[in-house]
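Numbers here simply count residues along the sequence, with the first being 1. Since the model is a prediction, treat every value here as computed from it, not as a measurement. No hydrogens, no waters, no symmetry mates; every other heavy atom, side chains included, goes into these values.
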Amino acid sequence: MVFAALAGTPCIAFNNTDHKVQGVYEWLSSLPYITFVENPSGVSSDIAAALGHHSKTYDHDAMLPYYHNLEMALSQQV
């Protein structure tokens, strides 16, 4: 799912038993071409929705505050 987000590739992500997939999806939920499915019974409509988005470019603007926090934490370690 992460590589699909970065590559701009539509992705349908299914949850797992420890909910790690759902946790990562929360970071990527603003990307319209990444879809999280809890119930696989309606997956065909989820596939159509994921493929139907025209913009499939990863926009890192939403993550810039996190990058800045990481940069600050790493610079304090040096």
For this session: For Asn15 and Phe36, run side chain to side chain contact (heavy atoms under 4.5 Å, CB included): C-alpha distance rounded to whole Å, both residues' side-chain angles, the deciding distance at 0.1 Å, then the answer.
Result: CA-CA 7 Å; Asn15 208 4; Phe36 179 76; 3.5 Å; yes

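Here the CD1-CE distance, from Ile12 to Met1, works out to 11.5 Å after rounding to the nearest 0.5 Å. Rounding to the nearest 0.5 angstrom, the gap separating the CD atom in Gln22 from the CG atom in Asn16 is 9.5 Å. Here the CD-NE2 distance, from Glu26 to His19, works out to 11.0 Å after rounding to the nearest 0.5 Å.
Placement of Met72 and Leu64 in two distinct hydrophobic clusters is found when ILVMFWY residues are connected by side-chain heavy-atom separations under 4.5 Å, directly or transitively.
The shortest distance between side-chain heavy atoms of Tyr25 and Ile34 falls below 4.5 Å.
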